[in-house]
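Here is the structure we will look at.
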Amino acid sequence: FVLFQNVATLFFLFVAWAMKWMIVGERKVGEYNWNVSSYCQRWQIYLEATTLIRGCYFRRGILEYLQGSAYLVAWFRAHGATIGKNVCLYPRGADPMMTEPDLVTIGDKACVDNASIIAHINSRGE
């Protein structure tokens, strides 16, 4: 069971990473209105498709078990974040952790804890 669980975890992490790049692509600074751009819809599809990695392990999610580790830093780098050396992310957690890692830059020797890094403004579709 443990071997299967670990293989399944790695598989779903890979699928989530691949879907981010296939569905959403690279996020760029700009305005993305719901009625003009497909960006918001693609983002929602990605969020729905990745509920497995956010809802497994007794609803804690896979990433919760990577808090404070180099693996979580690697995860966000793989999703487009620019993160310096010797960085510790969320040793005590956050919800959500980082919604648009493509738009985030964190310098060397930083620690982000109990904080959500949000790089968008909810304009109610305008």
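Keep in mind it's a predicted model, so treat the numbers as computed, not measured.
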Any non-hydrogen side-chain atom of [X] less than 4.5 Å from a side-chain atom of [Y]?
X	Y	value
H120	E100	yes
E31	S37	no
V104	I83	no
L63	L72	yes

Just verifying a value: how many Å separate [X] [atom1] and [Y] [atom2], rounded to the nearest 0.5 Å?
X	Y	atom1	atom2	result
K85	D108	NZ	CG	7.0 Å
S38	I23	OG	CD1	11.5 Å
W43	I45	CH2	CD1	13.5 Å

Quiz prompt | Results of side chain to side chain contact (heavy atoms under 4.5 Å, CB included) for E26 - residues two or more places apart only | solution =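 For E26 the side chain to side chain contact (heavy atoms under 4.5 Å, CB included) partners, ignoring immediate neighbours, are W21, K28, D102.
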
Quiz item: Can you name the residues that form a side chain to side chain contact (heavy atoms under 4.5 Å, CB included) with A74, not counting sequence neighbours?
Solution: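 If we apply the side chain to side chain contact (heavy atoms under 4.5 Å, CB included) test to A74, skipping adjacent residues, there are no hits.
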
Practice problem: Could you state whether V87 and L103 fall into the same hydrophobic cluster, counting links through intermediate Ile, Leu, Val, Met, Phe, Trp or Tyr residues with side-chain heavy atoms under 4.5 angstrom apart? | Solution: no

Quiz item: With hydrophobic residues grouped by side-chain heavy-atom distances under 4.5 Å, do L10 and L66 end up in a single group?
Solution: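 They do not share one cluster, since no chain of ILVMFWY contacts under 4.5 Å joins L10 to L66.
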
Might you point out which heavy atoms bring [X] and [Y] nearest each other, and give the distance in Å?
X	Y	result
G107	A110	O-CB, 3.7 Å
P101	R27	CD-NH1, 3.6 Å
Q67	G93	OE1-CA, 3.3 Å
A16	H79	O-NE2, 4.2 Å

Flag, side chain of [X] to backbone of [Y], donor-acceptor distance under 3.5 Å:
X	Y	value
D113	Y90	no
R77	T82	no
S116	I118	no
R92	N114	no
T50	Y46	yes
K20	G25	yes
W17	A78	yes

Quiz item: Should I62 and L13 be marked as a side chain to side chain contact (heavy atoms under 4.5 Å, CB included) after you check the CA-CA gap, both sets of side-chain angles, and the distance that decides it?
Solution: CA-CA 8 Å; I62 295 170; L13 285 172; 3.8 Å; yes

Self-check item: Verdict with reasoning, Y39 to V24, per side chain to side chain contact (heavy atoms under 4.5 Å, CB included)
Solution: CA-CA 7 Å; Y39 169 75; V24 179; 3.9 Å; yes

